[in-house]
Colleague: 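Here it is: the structure, laid out below.
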Amino acid sequence: MSTGSFTVSQPLNYRGGKRVQPADGSGTEEAYEPATGRVIATFQCSGEKEVDLAVQSAKAAFKIWRKKSGMERSRILLEAARIIRERRDEIATVETINNGKSIFEAGFDIDISWQCLEYYAGLAGSMAGEHVQLPGGSFGYTIREPLGVCVGIGAWNYPFQIAVWKSAPALACGNAMIFKPSPFTPVSVVLLAEIYTEAGVPPGLFNVVQGGAATGQFLCQHRDVAKVSFTGSVPTGKKIMELSSQGIKPVTLELGGKSPLIIFSDCDIENAVKGAMMANFLTQGEVCCNGTRVFVQREILDKFTEEVVKQTQKIKIGDPLLENTRMGPLINRSHLQRVLGFIEQGKKQGAKVLCGGDLYIPEDPKLKDGYYMKPCILGNCKDDMTCVKEEIFGPVMSILPFDTETEVLERANDTTFGLAAGVFTKDIQRAHRVVAELQAGVCYINNYNVSPVELPFGGYKMSGFGRENGRVTIEYYSQLKTVCVEMGDVESVF
Ligand SMILES: NC(=O)c1ccc[n+]([C@@H]2O[C@H](COP(=O)([O-])OP(=O)(O)OC[C@H]3O[C@@H](n4cnc5c(N)ncnc54)[C@H](O)[C@@H]3O)[C@@H](O)[C@H]2O)c1
């Protein structure tokens, strides 16, 4: 498959074990190939009736699935993982075409996806309650039960991976799921739905509805939906919480960030430079946990800056389906303009562009309408600049000098976000002392933006709550039933 050749002809909704056209609509959307600016799919957004049909279909599948043992569910999830591994390159290609990230990176996203399924398949058989002895031979026990029909709503930056991070633990716990991807990236999630069916889940256990805000609202408001897990921006997260509160539905919110990366002068500079690039330029900088506020201790500011600029200028931008490309186009034109706007505003407020920050026009004529820009590093930054305070969600790193540990901790925590943070130092005591003070859900020591599925991921403060990945996520997709058993006579107070 080459860039400029892919179009979607099949329906993008998935219900009852097959692709379907939605029963009703709330407007139409177009999905693009960011590398060329071509429309690759036009689809109807699902209306209230389609959402209800998806919920009914999921309810029917849930009745079958919840009765299966953990080991039976595990076997099916392992089969889904195997199919994803086998179809890795094909899924990664679709992801690259619809999202714009390099094929090199998309392959890793698919690897993390099958690993996530393997991890929760491994936990499915070990889910159990406890037995508690009570006086007189009476006893109690607890059962960990699924919630029912869960909704997953995703962002466009990791379309396939987000759908797996939500559905793998949900299904392992015995739930059904309806997933709504971002209308910008509707394509790869349907492949996941087909894979679950092929692996043997009951038809309807994982359904896909397409659409934007209106479709998402129908899902959150549906009376038979037990839980909503959301990945996206803070403003939408607030709305999801509000809507879900009407039905007292638990929510998981994976929201935005403006994370600090602190580089002390005693670090290994080469690793710190690599870490800063990993923290800023994966998926064109469109990553929630990016460490975009790079605090550098003054003694090494010049050396670090020189090296990170040199390495950033070497990043190969271009056709994302080519193996040697490391940065593709941004998701769409309006987002590209928004990112460039942050850079312009930064310049007006006194920041200095050290590299990039302008449009990139590839030589290949078929890419001329794609949404490319050169990765940007801003120097001379101050904490109160817009580019330092707000989530840009593009390839823009801000460098901020600091002098002392106390000072940098204060500045690093001075934000309403709290998704991630990083520290580079060779001083082991300092590393742990700093991490203990950082107000962030995910902290990295001497690395950045690695996401092993065994570790929980999620935010503090306005970056959300609840966790994805790791053992703890089981608690967010299950509920505890207490059973109290009397072995003697009832001692009534009446
Ligand atoms: N913390 C994380 O794990 C994580 C991961 C990826 C992205 N993000 C965040 O996501 C944001 C970028 O993604 P985006 O632009 O797709 O976010 P967004 O909030 O615009 O949209 C996210 C999803 O919500 C849906 N939606 C929009 N309005 C809705 C409503 N009123 N009710 C129900 N659903 C609604 C959208 O259609 C989409 O599917 C960034 O802020 C980024 O930091 C967070």
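When a ligand or atom number is given, it counts from 1 through the structure's own listing order. Start at 1 with the first residue, then count along the sequence.
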Colleague: Taking all atoms of both residues into account, what is the closest heavy-atom pair of Phe43 and Glu30, and its distance?
Modeller: CE2-C, 4.4 Å
Colleague: For Asn157, counting its heavy atoms only, list the atoms of ligand 1 lying under 4.0 Å from any of them.
Modeller: 6 (C), 7 (C)
Colleague: For atom 27 (C) of ligand 1, find the nearest protein heavy atom and state the residue, atom name and distance (0.1 Å precision).
Modeller: Thr236 CG2, 3.4 Å
Colleague: Begin with the C-alpha distance, continue with both residues' side-chain angles, and end with the deciding distance and a verdict on side-chain hydrogen bond (donor to acceptor under 3.5 Å, both in side chains) for Asp319 and Thr3.
Modeller: CA-CA 7 Å; Asp319 185 341; Thr3 294; 2.6 Å; yes
Colleague: Between Ser102 (side chain only) and Glu105 (backbone N and O only), is there a donor and an acceptor less than 3.5 Å apart?
Modeller: yes
Colleague: Heavy-atom count check: over 12 atoms from other residues, nucleotides or ligands less than 6.0 Å from Arg333 CZ?
Modeller: yes
Colleague: Do me a favour and list the nearest non-hydrogen protein atom to atom 12 (C) of ligand 1 with residue, atom name and distance?
Modeller: Phe393 CE2, 3.6 Å
Colleague: Examine the side chains of Thr236 and Ser233 and answer whether a donor and an acceptor come within less than 3.5 Å of each other.
Modeller: yes
Colleague: Could you check atom 16 (O) of ligand 1 against the protein and tell me its nearest heavy-atom contact, residue, atom and distance included?
Modeller: Trp156 CD1, 3.0 Å
Colleague: Under 6.0 Å from the six-membered ring centre of Tyr477 and within 45° of its axis: does the NZ or CZ of Lys227 meet both?
Modeller: yes
Colleague: For atom 37 (O) of ligand 1, what is the nearest protein heavy atom, given as residue, atom name and distance?
Modeller: Lys180 NZ, 2.8 Å
Colleague: May I ask you to identify the nearest protein heavy atom to atom 9 (C) of ligand 1, giving residue, atom name and distance to one decimal place in Å?
Modeller: Gly232 O, 3.1 Å
Colleague: Pick one of side chain, backbone, both or neither for how Phe184 approaches ligand 1, counting any non-hydrogen atom pair under 4.0 Å.
Modeller: neither
Colleague: In Å, rounded to the nearest 0.5 Å, how long is the span from CZ of Arg85 to OG of Ser113?
Modeller: 12.5 Å
Colleague: Give the atom numbers and elements of ligand 1 that come within less than 4.0 Å of a heavy atom of Gly154.
Modeller: 22 (C), 23 (C), 38 (C), 39 (O)
Colleague: For the atom pair CZ (Phe179) and CG (Leu192), what is the distance rounded to the nearest 0.5 Å?
Modeller: 8.5 Å
Colleague: Applying a heavy-atom cut-off of 4.0 Å, say which part of Ile240 lies close to ligand 1: side chain, backbone, both or neither.
Modeller: side chain
Colleague: Enumerate the atoms of ligand 1 whose separation from the nearest heavy atom of Ala155 is less than 4.0 angstrom.
Modeller: 7 (C), 10 (O), 13 (O), 16 (O)
Colleague: Looking at ligand 1, is there an atom of it that comes within less than 4.0 Å of some heavy atom belonging to Phe457?
Modeller: yes
Colleague: I'd like to know if Gly212 contacts ligand 1, where contact means a heavy-atom distance under 4.0 Å to any ligand atom.
Modeller: yes
Colleague: Is the ring centre of Trp165 less than 6.0 Å from the ring centre of Tyr158?
Modeller: no
Colleague: Using a strict cut-off of 4.0 Å, indicate which atoms of ligand 1 neighbour a heavy atom of Leu419.
Modeller: 1 (N)
Colleague: Closest approach of Ser26 and Ser46, non-hydrogen atoms and distance?
Modeller: OG-O, 3.3 Å
Colleague: More than 12 heavy atoms of other residues, nucleotides or ligands under 6.0 Å from CD of Gln337: is that the case?
Modeller: yes
Colleague: Please state which part of Glu468 comes within less than 4.0 Å of ligand 1, counting heavy atoms only: side chain, backbone, both or neither.
Modeller: neither
Colleague: Mind checking whether Leu255 contacts ligand 1 via backbone (N, CA, C, O), side chain (CB onward), both or neither, at a 4.0 Å heavy-atom cut-off?
Modeller: backbone
Colleague: Considering non-hydrogen atoms of the protein only, which is the closest contact for atom 4 (C) of ligand 1, and what is the distance?
Modeller: Cys288 SG, 3.0 Å
Colleague: Any chance CD of Glu48 has more than 12 other-residue heavy atoms, nucleotides or ligands included, within less than 6.0 Å?
Modeller: no
Colleague: Classify the contact between Ile153 and ligand 1 as side chain, backbone, both or neither, using a heavy-atom distance cut-off of under 4.0 Å.
Modeller: side chain
Colleague: Run the numbers for me: atoms of ligand 1, each under 4.0 Å from some heavy atom of Pro183, listed by number.
Modeller: 37 (O)
Colleague: Check ligand 1 against Lys239 and write out every atom of the ligand that is under 4.0 Å from a heavy-atom position of the residue.
Modeller: 31 (N)
Colleague: Give the atoms of ligand 1, by number and element, whose distance to some non-hydrogen atom of Gly256 is under 4.0 Å.
Modeller: 41 (O), 43 (O)
Colleague: Is it the side chain (CB and beyond), the backbone, both or neither of Tyr158 that lies under 4.0 Å from ligand 1, heavy atoms counted?
Modeller: neither
Colleague: If we set the cut-off at 4.0 Å for heavy atoms, which region of Gln217 has an atom near ligand 1: side chain, backbone, both, or neither?
Modeller: both
Colleague: Write out the residue and atom name of the closest protein heavy atom to atom 24 (O) of ligand 1, then the distance separating them to 0.1 Å.
Modeller: Phe230 CE1, 3.1 Å
Colleague: Establish, yes or no, whether the cationic atom of Arg326 lies under 6.0 Å from the six-membered ring centre of Phe104 and within 45° of the ring axis.
Modeller: yes
Colleague: Give me the nearest non-hydrogen protein atom to atom 43 (O) of ligand 1 as residue plus atom name, then the distance to 0.1 Å.
Modeller: Glu391 OE2, 2.5 Å
Colleague: Got a salt bridge between Glu33 and Arg38, using NZ or NE/NH1/NH2 to carboxylate O under 4.0 Å?
Modeller: yes
Colleague: Could you see which bit of Pro181 sits under 4.0 Å from ligand 1, with heavy atoms only: side chain, backbone, both or neither?
Modeller: backbone
Colleague: Can you see which heavy atom on Val353 is nearest to which on Leu378, and at what distance?
Modeller: CG2-CD2, 3.8 Å
